[in-house]
**Student:** 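Structure below; questions to follow.
All chains are named by letter (A, B, ...) in the order of the sequence lines, taking the proteins before the strands, and each is independently numbered beginning at 1.
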Amino acid sequence: MSQSDRKSRLEELAPELLAELTETTHERSRELPALEGAENGVVMRFAPNPSGPLHLGHARASILNDYYVRRYGGRYVLRIEDTDPRRVDPEAYGMVQEDIAWLGLGITDVVYQSDRLDIYYDLCRKLIELGGAYVCVCESERFRELKLKGKACPCREQTVEENLELWQQMLDGEFYEGDVTVRVKTDLTHPDPAMRDYSAMRIVSEPLHPRVDATVFPLMNFSVAVDDHLLGITHVIRGKDHIANTRRQRYIFDYFGWKPPVYRHYGRMGISGVVLSTSGMREGIESGLYTGWDDIHLGTLRAIARRGIEADAVRNAMVDIGIGETDISFSWENLYAKNKELVDPKANRYFFVPDPVEVTVEGAPRHEAHAALHPNDPARGVRTLATAGRILLPRADIEGRSMVRLKDLYNIRIAQDGDVLRVTYAGDSLDEARREKAPIIQWLPAETKLPCTLLRQDGSLEGFCEPLVAGEADNVVQFERIGFARIDSVDGGRVSAYFAHR
RNA sequence: GCUGCUAUAGUGUAGGGGCCAAUCAUGUCGGCCUUUCACGCCGACGACUGGGGUUCAAAUCCCCAUAGCAGCACCA
């Protein structure tokens, strides 16, 4: 039985259930797979590196973790991973907080790794005492060669006492950057070369860390393992680029006898059409190619917010994508659909006339048009546009046409007389316009209009919009027949809008 | 090169031996509705990477191939 058959059968048998049928098939948010051992609540984390504002990649990680914290209850730790002074932008601390607020993440705790250096030092010493780490003074290149052959470097044979002494010298500033590193003792014959004796601590003397006076810093595998344990993290959802790190961190959990969290690694998400790399964005901003971190060509959250995409649309899109291990390509189309769902019921409708042609409609009566602010919500009222015949029309929509209907106004005939356009009044009849298959287009009175620029990723559109748009700053509106746009600014009577999507 | 992960319509997803000639969303196309090419409604289109096996039965389990991705940093 086909779906429509079923539906009509149901209508015969139990019409009262029909509403339920259509209801349940419509709005139902997706349920992601259950997390093992999460029944009594979870402690999860979002751990960005403060090198710039958050982008769509961060959005996936943070929203997926947020989703499970909401689902199971518990705590959500924001852990700022600022252990590499080279990759810390002091301004990013604030930007990350702003972006998190925008996303609406349910963060319950905030920790900065740069506040916890003493903890890492202490546990590093303990790890050395346990024989789980040694201080390596080999050149990194030399170590790499040995490692690939599965061979130990001489430092590996040092006694615990020797290692502790070297470690103390490291802390005392007796080494220079690059001369020494603390390695976790794993297995030099491990089939995966990525597992062999990785680094846990190193010296960074340049640049200075913006928050803390130190030169010895942990590498992420060490600080992450330590913090995941100390903060009581129960579940970790992150990208599969961390699979090897998860295995490396397991060594530290094992040395200390800690129980590791449950991990889930989702696949790589390719995002096209925007710039995502922090360095690429920074260079572009410095060279003037981009206007700032919220330039619409960037994949930052502030950039897509500027384009009128709502945080919940991003959230819905990310939950929809889920935690699958397959590599995927992020779909702007799907994001826009989620956003339209949110924005369409809210957005007021206005006319925007790009690339305008000003004409006089011969024989036109004085007329006042009333157009609904929202066609599905008459209670919102109307915009009133009065004209005596001088109007603005979108060039592309009248080219090659002999008759069009001006929406909520009247019909016009267009004749091309050499270079001159002759536009004449052609009555008020909507039926006639329909009969002649005249398109219904937007227009503006020549006397009442606001200059407006519609900025899009692939270039901007100049034109005019209704005066009422001035009151929509920061809102998303729908320019009829063009699409949704966020009114970014209204300066000195000039409107600047960012195109969101159709 | 070594190690590992993955493979369902254009995109995202469900499905983990029979209920699958495969779900839902998005998209595209057509229709209805409509003073927007919006919204809503109806319909159509469109996929189990390939090859072997196991089994009465495979999208689902196993092997191989192929492809994509990740890691092999004193980055996170």
**Student:** Touch check for Asp397(A), heavy atoms < 4.0 angstrom, all strands: base, sugar-phosphate only, or nothing?
**Tutor:**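 Counting heavy atoms under 4.0 Å across all strands, the contact made by Asp397(A) includes a base.
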**Student:** Heavy atoms from C-beta onward define the side chain here; which of A7(B), C5(B), C74(B) lies closest to that of Ser199(A)?
**Tutor:** C74(B)
**Student:** Please tell me if Ser329(A) has a side-chain N or O lying less than 4.0 Å from either OP1 or OP2 of G12(B).
**Tutor:** yes
**Student:** What nucleotide among C69(B), U36(B), A76(B) has an atom nearest to a side-chain atom of Asp327(A)?
**Tutor:**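 That would be C69(B).
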**Student:** Taking side chain to side chain contact (heavy atoms under 4.5 Å, CB included) as the definition, give me every residue that meets it alongside Arg380(A), ordered by chain and number, with sequence neighbours left out.
**Tutor:**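 Partners of Arg380(A) under the side chain to side chain contact (heavy atoms under 4.5 Å, CB included) test: Asn348(A), Leu373(A), His374(A), Asp377(A).
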**Student:** Using the side-chain heavy atoms of Lys147(A), tell me which of these nucleotides is nearest: A73(B), A76(B), U36(B).
**Tutor:** A73(B)
**Student:** Contact class for His374(A) (heavy atom, under 4.0 Å): base, sugar-phosphate, or nothing?
**Tutor:**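 No contact.
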**Student:** So, do Tyr93(A) and Tyr112(A) have ring centers that fall under 6.0 Å from each other?
**Tutor:** yes
**Student:** Looking for any heavy atom pair under 4.0 Å, which part of the strands does Glu81(A) touch: base, sugar-phosphate only, or nothing?
**Tutor:** sugar-phosphate
**Student:** Work out how far the P atom of A76(B) is from that of U13(B), and round it to whole angstrom.
**Tutor:** 30 Å
**Student:** What is the nucleic acid contact for Ser51(A), judged by heavy atoms within less than 4.0 Å: base, sugar-phosphate only, or nothing?
**Tutor:**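 If one applies the 4.0 Å heavy-atom cut-off, Ser51(A) turns out to touch nothing in the nucleic acid.
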**Student:** Please walk me through it: do Phe351(A) and Leu392(A) pass side chain to side chain contact (heavy atoms under 4.5 Å, CB included)?
**Tutor:** CA-CA 11 Å; Phe351(A) 290 157; Leu392(A) 257 37; over 6 Å; no
**Student:** Choosing from A76(B), G12(B), U36(B), which nucleotide comes nearest the side chain of Ile321(A)?
**Tutor:** G12(B)
**Student:** Using the closest heavy atom to pick a nucleotide of RNA chain B for each, name whichever of Arg434(A) or Lys338(A) lands nearer the 5' end.
**Tutor:** Lys338(A)
**Student:** Reckon Glu333(A) touches a base, only the sugar-phosphate, or nothing at all at heavy-atom distances under 4.0 Å?
**Tutor:**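 It contacts base atoms.
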**Student:** At under 4.0 Å between heavy atoms, what does Arg268(A) touch on the DNA or RNA strands: base, sugar-phosphate, or nothing?
**Tutor:**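 Answer is sugar-phosphate: Arg268(A) comes under 4.0 Å of backbone atoms only.
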**Student:** Just call it for Val182(A): base, sugar-phosphate, or nothing, with non-hydrogen atoms closer than 4.0 Å on any strand.
**Tutor:** nothing
**Student:** Could you please name the option among C74(B), A70(B), A76(B) that lies closest to any side-chain atom of Lys240(A)?
**Tutor:**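 It is A70(B).
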**Student:** Both distances under 3.5 Å, Watson-Crick or G-U wobble: on that basis, could you give the dot-bracket string for RNA chain B, with [ ] for crossing pairs and | for other-strand partners?
**Tutor:** (((((((..(((.....[.....)))((((((.......))))))...(((((..]....))))))))))))....
**Student:** Any side-chain heavy-atom pair from Val236(A) and Arg264(A) closer than 4.5 angstrom?
**Tutor:** no
**Student:** Base, sugar-phosphate, or nothing: which does Pro218(A) touch, judged by heavy atoms less than 4.0 Å apart?
**Tutor:** sugar-phosphate
**Student:** Ignoring the backbone of Lys407(A), work out which of U36(B), C39(B), A76(B) is nearest its side chain.
**Tutor:** U36(B)
**Student:** Taking the P atom of each, how far is U3(B) from G12(B), in whole Å?
**Tutor:** 30 Å
**Student:** Which nucleotide, A38(B), C72(B), G12(B), lies nearest any side-chain atom of Asp320(A)?
**Tutor:**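 Closest nucleotide to the Asp320(A) side chain: G12(B).
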**Student:** Asp228(A) CG to A76(B) P: how many Å, rounded?
**Tutor:** 14 Å
**Student:** Tell me what Gly322(A) touches on the nucleic acid: a base, only sugar-phosphate, or nothing, going by heavy atoms under 4.0 Å.
**Tutor:**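 The answer is nothing, as Gly322(A) stays clear of every strand by at least 4.0 Å.
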**Student:** Which part of the nucleic acid, if any, lies within contact of Leu430(A), taking any heavy atom under 4.0 Å across all strands shown: a base, the sugar-phosphate backbone alone, or nothing?
**Tutor:** base
**Student:** Select base, sugar-phosphate, or nothing to describe what Arg196(A) touches, counting heavy atoms under 4.0 Å on all strands.
**Tutor:** nothing
**Student:** Nearest whole angstrom, please: distance from the P of U11(B) to the CE of Met318(A).
**Tutor:**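 After rounding, the gap between these two atoms is 18 Å.
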**Student:** By the 4.0 Å heavy-atom rule, please label Asn334(A) as base, sugar-phosphate, or nothing.
**Tutor:**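 Here Asn334(A) touches the bases of the nucleic acid.
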**Student:** Identify whether any heavy atom of Asn49(A) sits under 4.0 Å from a base atom; if not, whether one sits that close to sugar-phosphate; answer base, sugar-phosphate or nothing.
**Tutor:** sugar-phosphate
